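Right, one structure below, let's go through it.
As the structure is a prediction and not an experimental result, all values here were calculated from the model.
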Amino acid sequence: QVQLVESGGGFVQAGGSLRLSCAVSGRTSSNYAMGWFRQAPGKEREFVASISRTDNTPIYADSVKGRFTIARDNAKNTIYLQMNNLRPEDTAVYYCGARNGYYGGRTHELYHFWGQGTQVTVSS
């Protein structure tokens, strides 16, 4: 069984930056494609970014492209989401997901394991 623990969320003003981390335990992160999703109150969970299992190919939602960067450090069993130029509409709980496959996906149903989430709040 895989456990995922997110950290790094917080409160930031618009234009600021945060770096989220997702620590993987139970199995090495290199066994999984990984993704970040977010969910705002009253909304469905939406795709943010994913990174493939072997060649680290990233995919981004259009809303974050050019502002967010996903990365993985398999030696540390950790996945990161660097978020720059944050906007109030980025406010949400951010979740890390792991998928048994080579490539991540944009649909949360594709992912097999989830963390508990970390809150990101961006003020205007």
Counting heavy atoms not belonging to Glu44, are there more than 12 under 6.0 Å from its CD?
-> no

Could you grab the distance from atom OG of Ser123 to atom CZ of Arg87, nearest 0.5 Å is fine?
-> 15.0 Å

Check against side chain to side chain contact (heavy atoms under 4.5 Å, CB included), Ser63 and Arg38 | CA-CA 12 Å; Ser63 59; Arg38 65 188 182 188; 3.6 Å; yes

Should the heavy atoms of other residues, nucleotides or ligands under 6.0 Å from CZ of Phe11 be counted, would the total exceed 12?
-> yes

Quick one: pull up OG in Ser50 and CZ in Phe37 and give me the separation to the nearest 0.5 Å.
-> 7.5 Å

Least distance between heavy atoms, Tyr103 atom then Ala33 atom = C-CB, 3.4 Å

So, Glu6 side chain and Thr118 main chain: donor-acceptor pair closer than 3.5 Å or not?
-> no

Does the pair Lys65/Asp62 count as a salt bridge with the N-to-O cut at 4.0 Å?
-> yes

Determine, step by step, whether Ser17 and Gln82 satisfy the side chain to side chain contact (heavy atoms under 4.5 Å, CB included) criterion, reporting the C-alpha distance in whole Å, the side-chain angles of both residues, the deciding distance to 0.1 Å, and the verdict.
-> CA-CA 8 Å; Ser17 298; Gln82 178 67 44; 4.0 Å; yes

Could you grab the distance from atom OG1 of Thr107 to atom CZ of Arg45, nearest 0.5 Å is fine?
-> 13.0 Å

Just how far is it from atom CD of Gln119 to atom CD of Gln39, taken to the nearest 0.5 Å?
-> 11.0 Å

State, with a plain yes or no, whether a side-chain heavy atom of Tyr102 is found less than 4.5 Å away from one of Thr57.
-> no

Is the distance between the ring centroids of Tyr95 and Tyr111 less than 6.0 Å?
-> no

List, by chain and then residue number, the residues other than Val5 in its hydrophobic cluster (Ile/Leu/Val/Met/Phe/Trp/Tyr, side-chain heavy atoms under 4.5 Å); write none if there are no others.
-> none

Establish, from distance only, whether the side-chain atoms of Asn77 and Ser29 form a donor-acceptor pair under 3.5 Å.
-> yes

Look up atom CG in Asn85 and atom CZ in Arg67, then write down how far apart they are to the nearest 0.5 Å.
-> 6.0 Å

Might you point out which heavy atoms bring Ser124 and Ala14 nearest each other, and give the distance in Å?
-> CA-CB, 4.4 Å

Kindly compute the distance separating CZ (Arg72) from OG (Ser52), expressed to the nearest 0.5 Å.
-> 7.0 Å

If you link I, L, V, M, F, W and Y whenever their side-chain heavy atoms are under 4.5 Å apart, who else ends up in the same group as Trp36?
-> Val2, Leu4, Val12, Leu18, Leu20, Val24, Tyr32, Met34, Val48, Ile51, Tyr60, Val64, Phe68, Ile70, Ile79, Leu81, Met83, Leu86, Tyr94, Phe113, Val120, Val122

